[in-house]
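First the proteins, then the strands, lettered A, B, ... as listed; each starts at 1.
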Number of protein chains: 2
Amino acid sequence: MELHQVRLLARIFFFFIFLTTLQHSCSARILTTISKPDRHDYAASARWLVSQNIWGVLSTLSIDHEGAPFGNVVSFSDGLPEKGSGIPYFYLTTLDPTARNALKDQRASLAISESPIGTCKSDPMNPTCSKLTLTGKLLLLDEGSKEAEVAKKALFTKHPEMMDWPKDHDFRIFKLEITNIFLINWFGGAKPITVDEYLHAKSIKVISSL
Amino acid sequence: MELHQVRLLARIFFFFIFLTTLQHSCSARILTTISKPDRHDYAASARWLVSQNIWGVLSTLSIDHEGAPFGNVVSFSDGLPEKGSGIPYFYLTTLDPTARNALKDQRASLAISESPIGTCKSDPMNPTCSKLTLTGKLLLLDEGSKEAEVAKKALFTKHPEMMDWPKDHDFRIFKLEITNIFLINWFGGAKPITVDEYLHAKSIKVISSL
């Protein structure tokens with residue numbers, strides 16, 4: 001093989017390495033989320049949705065709009081993936097209506113979708129694209145309490161930039177104390193699942209219905 | 001160049017074409033959504049969020065849970081991109097709590113995030129990642145009315161599989177009649193924007209703040 005042929009091959013080789021790296025970084029999100037639980041395991045399915053999502057819509061009763069339901073896009077965390085507790089924690093500022101609403105009336109719900117995880121193959125409202133609504137009470141945690149420390153660690157690990165959010169914005173830690181679970185993860189309407197089953201779900205099993 | 005070298009080069013060439021195609025299809029989503037409006041144009045920003053998103057969380061007052069705010073993941077459409085009206089239409093079944101709740105009490109809100117569009121560079125709760133909550137009344141449209149026809153076309157074009165959803169599931173067309181707009185698309189809290197400004201926004205301008 002002549003020198004210019006070797007050079008050509010070397011160039012093609014490095015270009016191929018470059019493209020492979022690009023393609024890998026592009027699909028990395030999908031690679032980390034393949035472990036969707038068996039759809040018959042409702043508790044694991046619900047816990048998987050909570051552990052894999054980093055944001056959802058938190059609804060409260062609006063002070064500003066005479067008790068209308070006010071949904072707000074918020075980040076949350078229940079802990080690190082596969083180490084979460086199932087309890088969603090939030091870092092909310094009282095400059096935002098949601099925290100103020102909750103301090104007046106604790107009733108709230110958190111709605112999340114499978115769509116952002118990247119495993120849905122159909123429309124976000126198709127029952128095979130899972131969705132979950134956790135209804136309950138949005139409670140302010142005592143600063144300095146053990147649970148607040150756990151929550152802060154869960155939040156700051158999944159949302160590192162929260163550590164740098166302005167100190168003078170009165171960010172406080174809240175949790176959703178769940179009283180009811182609405183899960184759709186297949187045809188046939190909402191699945192029967194109790195809060196107890198959800199909170200005590202075994203660790204998430206690996207793939208079967210993808 | 002010998003025959004085996006030519007074959008090797010040909011193989012490398014086709015593998016490179018394959019990888020390029022993969023990488024392109026992977027980034028296609030981002031390519032279709034680059035036209036984020038100038039952040040100072042609040043009406044255009046809000047309309048862009050509505051036109052580019054295909055799902056959000058629709059919150060109503062729960063009949064089943066004593067008036068608690070119930071958020072539910074739903075698909076919606078305000079029309080085709082750049083041809084939308086800004087009014088979100090929904091295709092809801094009364095087998096689902098949201099439609100039933102709205103028929104009892106019309107108060108509702110739709111919350112959406114910039115995150116699914118793919119243009120956010122930071123945490124979904126960072127103010128530079130836009131979010132929008134439209135509050136108002138969730139109204140059932142008269143079947144056969146002109147607006148129901150417009151809505152159906154808007155929904156079925158963005159969500160083609162809706163056309164095949166079961167006929168016996170009592171799917172009905174609803175719209176959100178907007179009374180208030182909560183938009184965060186930069187630092188400094190909610191932006192001042194009226195419903196009138198939102199509904200009469202000029203067509204979305206091309207990129208400036210990305």
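Contact tally against chain B (heavy-atom pairs below 4.5 Å) for Lys158(A), Glu161(A), His159(A), His65(A): the top residue is Glu161(A). Counting heavy-atom pairs closer than 4.5 Å to chain A, the top-ranked of the candidates Leu95(B), Leu58(B), Asn180(B) is Asn180(B). For the set Gly136(A), Gly189(A), Ser122(A), the entry with the most heavy-atom pairs within less than 4.5 Å of chain B is Ser122(A). Contact tally against chain B (heavy-atom pairs below 4.5 Å) for Ser113(A), Ala68(A), Gly67(A): the top residue is Ser113(A). Heavy-atom pairs under 4.5 Å with chain B peak, among Val74(A), Asn126(A), Leu132(A), at Asn126(A). Interface remark: of the candidates Thr135(A), Asp123(A), Thr133(A), Asp123(A) forms the most heavy-atom pairs closer than 4.5 Å to chain B. Heavy-atom pairs under 4.5 Å with chain A were tallied for Pro124(B), Ala190(B), Ala111(B); the largest tally goes to Pro124(B).
Atom-to-atom distance recorded for Asn72(B):CG and Ser109(A):OG is 9.0 Å, nearest 0.5 angstrom. Separation of atoms CG (Leu61(B)) and CZ (Arg107(A)) is listed at 8.5 Å; rounding is to 0.5 Å.
Taking the side chain as every heavy atom from C-beta outward, Trp165(A) and Met125(B) approach each other to under 4.5 Å. Between Pro69(B) and Phe70(A), every side-chain heavy-atom pair lies at or beyond the 4.5 Å cut-off. For the pair Phe182(B) and Asp64(A), the minimum side-chain heavy-atom distance is 4.5 Å or more.
Looking at Ile54(B), only its side chain comes within 4.5 Å of chain A, counting heavy atoms on both sides. There is no contact between Leu134(A) and chain B, counting heavy-atom distances below 4.5 Å. For Pro97(B), the part lying near chain A is the side chain, with the backbone staying farther off; criterion is any non-hydrogen pair under 4.5 Å.
Residue pairs satisfying the disulfide bond (SG atoms under 2.5 Å apart) criterion with at least one member in residues 64-137 of chain B, sequence neighbours excluded, are listed as follows: Cys120(B)-Cys129(B).
Dense packing is recorded around NZ of Lys167(B), with more than 12 heavy atoms of other residues, nucleotides or ligands lying under 6.0 Å away.
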